[in-house]
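Naming convention: chains lettered A, B, ... in sequence-line order (proteins, then strands); numbering from 1 in each chain. Just so you know, these numbers use all the heavy atoms, side chains as well, and skip hydrogens, waters and symmetry mates.
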Protein chains: 2
Amino acid sequence: MQNIDPRKKPQYPIEAVDNALRLLQLLRDGGKLRLKDAAAELGVAPSTAHRLLAMLVYRGFAVQDEFKNYVPGEAIGVGPARLGWTRLLRQLSQPHMELLSGRLNETVNLMVRVGTKVRFLSTSEGSNALRVGDRQGSVMPAHKASGGKAILAELDPVMVHKLFSSNSAEIGGDYISEQAYPAFQRELDAVRRNGFAANFEGTEEGISALGMSLHNWRGEVIGALSVATPLARFRPLFDAGLVQAIGETRRQLEVDIAANPADGE
Amino acid sequence: MQNIDPRKKPQYPIEAVDNALRLLQLLRDGGKLRLKDAAAELGVAPSTAHRLLAMLVYRGFAVQDEFKNYVPGEAIGVGPARLGWTRLLRQLSQPHMELLSGRLNETVNLMVRVGTKVRFLSTSEGSNALRVGDRQGSVMPAHKASGGKAILAELDPVMVHKLFSSNSAEIGGDYISEQAYPAFQRELDAVRRNGFAANFEGTEEGISALGMSLHNWRGEVIGALSVATPLARFRPLFDAGLVQAIGETRRQLEVDIAANPADGE
DNA sequence: ATCGATATTCTGCATGACAGAATTATATTG
DNA sequence: CAATATAATTCTGTCATGCAGAATATCGAT
């Protein structure tokens with residue numbers, strides 16, 4: 001049984017990974033998947049399919065709807081970044097983020113916006129015993145994450161409005177109704193005035209975050225930093241000068257960014 | 001060390017899968033990845049990272065550029081199908097595809113178009129010793145695959161032209177230059193006249209295929225069937241009435257499709 | 001050519017991915 | 001509203017297989 005196949009199976013295949021990737025494709029192309037069907041498709045026991053799907057859920061590639069069906073998660077369908085500078089940004093940010101997370105003992109995130117989403121490029125975890133976990137690779141609605149709001153606040157309001165009323169927003173699940181929009185608009189205005197954005201359990205249970213935008217030498221927004229903390233610690237941190245701490249880090253990082261050519265933009 | 005994390009790690013995690021999914025995210029957000037960096041990011045040996053990346057390549061989630069860098073493949077960034085009827089289509093097609101592949105001893109594919117791409121929903125492999133392998137889950141440029149051409153030929157030419165000149169086509173790597181377009185246009189005209197489309201090694205080395213479009217009760221194109229064969233067998237098959245065989249299958253399948261409500265469309 | 005760096009192949013061993021059974025949750029039926 | 005059926009999830013022993021490390025190959029630079 002010889003299969004002609006230019007894309008031949010690797011010589012040391014990893015079955016678990018192959019199954020996971022096939023599930024990813026099924027989820028993408030079928031829209032939804034029940035555990036039993038998934039098991040049947042892959043030819044594995046339901047228990048195994050369950051473990052695989054649990055991993056997809058964990059990494060944001062799937063979520064379970066109210067009837068236990070597995071459906072595509074945020075992470076499915078976000079295109080590859082055509083942004084060439086994300087690597088550089090990540091590199092430049094790392095030391096600054098580590099410094100900041102070390103100083104505050106809280107977790108610091110770096111993110112960029114793509115469409116109505118923000119993508120977490122990297123995380124520097126704080127050293128507190130109880131801390132917010134790594135979010136690298138996560139994708140969240142930009143209008144809910146603190147860093148996302150910080151970015152959106154500095155874009156042309158008309159463009160933002162279009163963005164979140166478009167039907168691409170609908171597909172992504174980030175549509176904001178005309179009715180709800182004024183409130184959102186006002187929040188962005190406040191963010192613009194304050195110079196930072198906050199998020200109290202808007203994306204994840206028990207987690208609050210404070211975000212601030214990042215700019216290139218030309219003054220254009222290119223991304224954001226955010227500090228994420230357990231809800232209970234937010235207030236004390238804020239009173240102890242959280243905004244200034246992030247602001248300081250932002251300032252220094254932007255100097256670094258300005259100093260580097262970043263050919264793409 | 002207690003991490004606050006609403007999205008907690010599954011209790012029986014699969015490390016290999018987790019690593020693969022993280023590579024997927026890195027690839028998406030970083031654009032490109034060298035083996036060594038991948039290994040460093042994951043905290044695994046280069047040999048392990050190599051195996052993982054080989055799997056991603058195998059399933060179309062990554063490709064290697066000329067300098068051995070791993071870059072996102074076709075499968076990354078194709079959004080989830082908002083098409084609810086793909087499940088139904090797959091279901092209805094299956095018996096017909098099995099019949100046809102059994103009759104011809106060749107591999108039969110079912111695909112739908114999304115943007116400038118076609119997605120392979122399912123495959124029924126022929127029983128020949130040497131045959132074309134399973135393509136389920138694959139994503140290919142619609143203008144190169146036989147089934148894709150069959151679909152495009154029946155769409156509004158103006159819309160097709162826009163589709164492949166848009167800069168979303170550029171992002172997807174399917175851009176057709178104004179210079180090359182007339183030839184493509186003529187090919188689609190020929191397809192329309194013939195009622196089928198062919199593909200000789202346009203997508204994969206040594207493989208040829210013949211594709212025919214599928215319609216719903218209203219006469220609108222909804223997808224395509226294709227028969228894929230090793231290049232050497234194409235001619236004899238064609239002369240033995242390949243077109244008629246597929247046409248017959250298509251006719252019967254379309255009866256089934258028309259008979260089923262397909263609420264979405 | 002020679003070296004250095006990075007990518008790929010190979011192999012033994014211990015880990016951890018798998019199946020199957022047990023348990024729980026959810027749907028269906030009389 | 002039981003009672004039953006079906007599907008999802010948890011648990012556990014076993015053996016396959018994913019991992020690391022070494023060997024080899026490939027590519028670039030000097």
*Heavy atoms under 4.0 Å, any strand shown: does A:Pro10 hit a base, just sugar-phosphate, or nothing?*
nothing
*Check: B:Asn105 main-chain N/O paired with B:Asn128 side-chain donor or acceptor under 3.5 Å*: yes
*asked:* Mind checking if A:Arg51 touches a base, just sugar-phosphate, or nothing, with heavy atoms under 4.0 Å?
replied: base
*asked:* Categorize B:Leu35 for me: base, sugar-phosphate, or nothing, with a 4.0 angstrom heavy-atom threshold over every strand shown.
replied: base
_Under-4.0 Å side-chain N/O to phosphate OP1/OP2 contact, A:Lys68 with D:dA8_ = no
*Is the distance from OP1 or OP2 of C:dT8 to the nearest side-chain N or O of B:Gln64 less than 4.0 Å?*
yes
_From A:Leu24, A:Leu52, A:Ile14, residue fulfilling side chain to side chain contact (heavy atoms under 4.5 Å, CB included) relative to A:Asn19_ = A:Leu52
*asked:* How bent is the helix from C:dA1-D:dT30 to C:dG30-D:dC1, measuring the angle between the end axes built from five pairs each, rounded to 10°?
replied: 60°
Filtered N/O pairs between nucleotides 28-30 of chain D and protein, under 3.5 Å:
none

*Verify the contact: side-chain N or O of A:His50 to OP1 or OP2 of D:dT9, cut-off strictly under 4.0 Å; return yes or no.*
yes
*Is any side-chain N or O of B:Tyr12 closer than 4.0 Å to OP1 or OP2 of D:dC11?*
yes
*Quick one: on DNA chain C, does A:Ala16 or B:Asn69 contact a more 5' nucleotide (nearest heavy atom)?*
B:Asn69
*Heavy-atom contacts under 4.0 Å between residues 40-49 of chain B and DNA chain D, which residues?*
B:Val44, B:Ala45, B:Ser47, B:Thr48
